[in-house]
Structures are given as C-alpha cells and as structure tokens.
Amino acid sequence: MDDAIALKLLQTESTMIPNLILKNYVKLGMTAEEFVFLLELKAALKDGNQPFDLQTIAQIMSKDEAQIYQLLHGLIEKGIISLTSVVDDQGRNSDQYSLDPLYKKTLKLLRDQTQEHQIQAHQQTRNDVFARIEQEFGHPLSSFDMEMIDSWLNEDHYSPEIIILALKEAVLSGVYNLKYMDKILLAWEKKGIKTAADVQRQRAKFRHQGQNQRKQGNRVKPKIPLNKWSE
C-alpha cells in the first residue's frame, strides 16, 4: 500500500471518544481492559454493525469469546452500556446495544465535578475573607464573627469584593469591628452599591457634591456695612 494512502486512512478512519470519558474512565467504573473493549464496541456501533461480531473483537483484543462476553456483561451490569431486544418487520428478535448510559453517567460526573469545584472555590473565598479581616483587625475572628461573615456571603449574598471594600472603609475610619462594617454594607445595599465600580462612582459623586458646596459657599460674600466716614 502506498504510504500516502495509508496516511490518509490513519487520518480519516478513527473512532472518536470525548476527552472527558478518556480522562475519567476509571471514575466512571471501568478498568483499562473494559475501556479498550468499549472503544472496539463503539467502533462497531459507529459502522452500524447491530448485532456486532464479538468474535472479531475477540481476535483484535487477543482474547477468547468467553472473556469478551464477560467484558460485555460487566459493562451492562455497571450501567455503562444498555442491551435491548428488538423485533424486526419479519418478527425476528435481535439485540441492540447503546452507549447512552455511558453518556448519561459522564454528564452526571461532569455536574458533580463542577459542583465540587464550586464548593471548593466558595470555601477558599470564605477563608480568604476571614484571613483578610483577621489581618486588618489584628486578632483572630470569634465564632460569632465567622457566623456574621457567613451570613453576609450566604444570606445577604454580598460579594467578597464588596466585603473587603467595606473592610477598607472601616480601617480608614479607624473602626475595627464587624458591626461597623455591617452598617457600611447595609448603607451600600440601600444605594444599590454592589461592586468596586459602584463604590468608586459613589465616592466620585460625593467628592463632586462637596466641591459644588464649597463653590456655592465661596459665592456667598459677607455683607459689608456702609460707614458714614463723614461723621
């Protein structure tokens, strides 16, 4: 066979498997041997071979048919593949295999992993907020302090960003307690302040109002009494 033709066959004749399955087949409950068999099964199903030839797969994997049947039934028991019996137009029964259970298990794994990452990220954020407040206040947080911060994060849904900004405001004011921070957060909430950009806009607005008040104050000139210098 010409090398160019062989290269083309290698590039086009392939069995695609999602990387999510490739990297997590053990977590999905498969052994390496079962995974190789699954690839062979997927290739057979891709070619439309229903029912597929288990003897051919046995030859490819250098196993006897009994071992291949064992692998097949193992995957069925693990909920990796499904087997249904269908009747054709001539009343003949045949087995139909599907990889849909595998895809459903993979989606569930993906959801579980995403949820786990979100929980870990939330816990890390919580720990970062605790550490930052302890650093600024100069003492460890009490259990009551931790409960209050948790309520900010989980009940009031204040972002970590806005909590740290409230911390900065408290430190600048020389007040090192959470109750003062709580007042700041409540005041910002009433004004619709939720992000650092909102805080910056509020500060700019406050400075602008102060400048206007000073300008107006400069325009008001004191009355100068008119003395009768001739007297």
Side-chain angles (χ1 to χ4, degrees), residues 16-29 100-225:
M16 302 299 293
I17 192 78
N19 285 335
L20 189 62
I21 297 176
L22 178 64
K23 295 179 180 180
N24 292 280
Y25 72 86
V26 174
K27 292 181 180 179
L28 290 168
D100 286 348
L102 169 65
Y103 301 139
K104 291 179 181 179
K105 285 174 69 74
T106 305
L107 288 176
K108 183 180 183 303
L109 175 66
L110 178 61
R111 285 193 295 266
D112 291 345
Q113 288 179 341
T114 301
Q115 184 178 11
E116 183 180 353
H117 291 159
Q118 289 174 343
I119 292 173
Q120 291 176 351
H122 177 77
Q123 185 63 37
Q124 184 61 49
T125 298
R126 176 179 179 270
N127 293 339
D128 291 344
V129 171
F130 285 175
R132 184 67 180 276
I133 294 175
E134 286 180 339
Q135 179 183 1
E136 294 293 345
F137 284 5
H139 62 77
L141 294 171
S142 66
S143 59
F144 177 80
D145 293 336
M146 293 181 182
E147 288 179 6
M148 178 175 284
I149 298 170
D150 279 334
S151 69
W152 289 344
L153 292 168
N154 303 324
E155 297 176 17
D156 300 319
H157 302 292
Y158 295 141
S159 68
E161 177 188 40
I162 206 71
I163 293 174
I164 296 303
L165 288 171
L167 172 64
K168 292 180 178 179
E169 290 288 328
V171 171
L172 289 174
S173 299
V175 183
Y176 298 88
N177 64 67
L178 295 185
K179 291 183 178 179
Y180 187 75
M181 287 178 59
D182 192 53
K183 292 180 180 179
I184 295 173
L185 291 168
L186 286 173
W188 284 350
E189 184 179 10
K190 291 178 180 179
K191 295 179 181 179
I193 298 174
K194 298 180 179 180
T195 65
D198 293 337
V199 173
Q200 292 299 329
R201 281 192 292 268
Q202 180 65 21
R203 287 174 177 171
K205 180 180 179 181
F206 182 78
R207 286 195 299 268
H208 182 69
Q209 290 175 345
Q211 291 172 356
N212 287 340
Q213 290 175 356
R214 286 193 295 272
K215 289 179 181 179
Q216 291 176 359
N218 292 335
R219 292 195 189 103
V220 179
K221 297 181 179 179
K223 294 182 179 180
I224 300 175

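- When each of Arg201, Gln202, Lys194, Gln200 is tested with Asp198 by the rule side chain to side chain donor-acceptor pair (under 3.5 Å), just one qualifies, namely Arg201.
- If you take CD1 on Ile162 and CE on Met181, they are separated by 10.5 Å, rounding to the nearest 0.5 Å.
- Between Ala196 and Glu161 the shortest heavy-atom distance is CB-OE2, 3.2 Å.
- The distance from the NE2 atom of His139 to the CD1 atom of Ile133 is 10.0 Å, given to the nearest 0.5 Å.
- The side-chain heavy atoms of Ile163 and Leu167, taken from C-beta on, include no pair separated by under 4.5 Å.
- In terms of heavy atoms, Leu178 sits closest to Trp152 at O-CZ2, 3.7 Å.
- One distance of note links CG of Leu186 with NZ of Lys190; it measures 6.5 Å at 0.5 Å rounding.
- Using a 4.5 Å heavy-atom threshold, the side chains of Tyr176 and Val171 count as touching.
- At distances below 3.5 Å, at least one donor-acceptor pair connects side-chain atoms of Asn177 with backbone N or O atoms of Tyr180.
- Taking the side chain as every heavy atom from C-beta outward, Thr195 and Leu165 never approach each other to under 4.5 Å.
- Nearest heavy atoms, Ile184 versus Ala170: CD1-N, 3.9 Å.
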Exercise for the section: With side-chain contact (heavy atoms from CB on, under 4.5 Å) as the test, would you mind laying out the steps for Leu102 and Tyr25 before giving the verdict? Expected result: CA-CA 10 Å; Leu102 169 65; Tyr25 72 86; over 6 Å; no

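- Taken from CZ in Arg132 to CD1 in Ile149, the straight-line distance is 12.5 Å, to the nearest 0.5 Å.
- Here Lys105 contributes atom NZ and Leu110 contributes atom CG; the two are 14.0 Å apart, rounded to the nearest 0.5 Å.
- With respect to Phe130, the side-chain contact (heavy atoms from CB on, under 4.5 Å) criterion is satisfied by exactly one of Asp145, Thr125, Asp150: Asp150.
- With respect to Lys108 and Asp112, a salt bridge is recorded, a charged nitrogen being found less than 4.0 Å from a carboxylate O.
- Minimum interatomic distance between Asn24 and Gln113 (heavy atoms only, all atoms of both residues): OD1-NE2, 3.3 Å.
- One distance of note links NZ of Lys168 with CD of Glu136; it measures 8.5 Å at 0.5 Å rounding.
- Partner Arg111 forms a side-chain contact (heavy atoms from CB on, under 4.5 Å) with one of Leu107, Leu109, Thr114 and no other, that one being Leu107.
- Here the shortest heavy-atom pairing between Val129 and Pro160 reads CG2-CB, 3.9 Å.
- Counting heavy atoms of neighbouring residues, nucleotides and ligands inside a 6.0 Å radius, atom CD of Gln115 does not exceed 12 of them.
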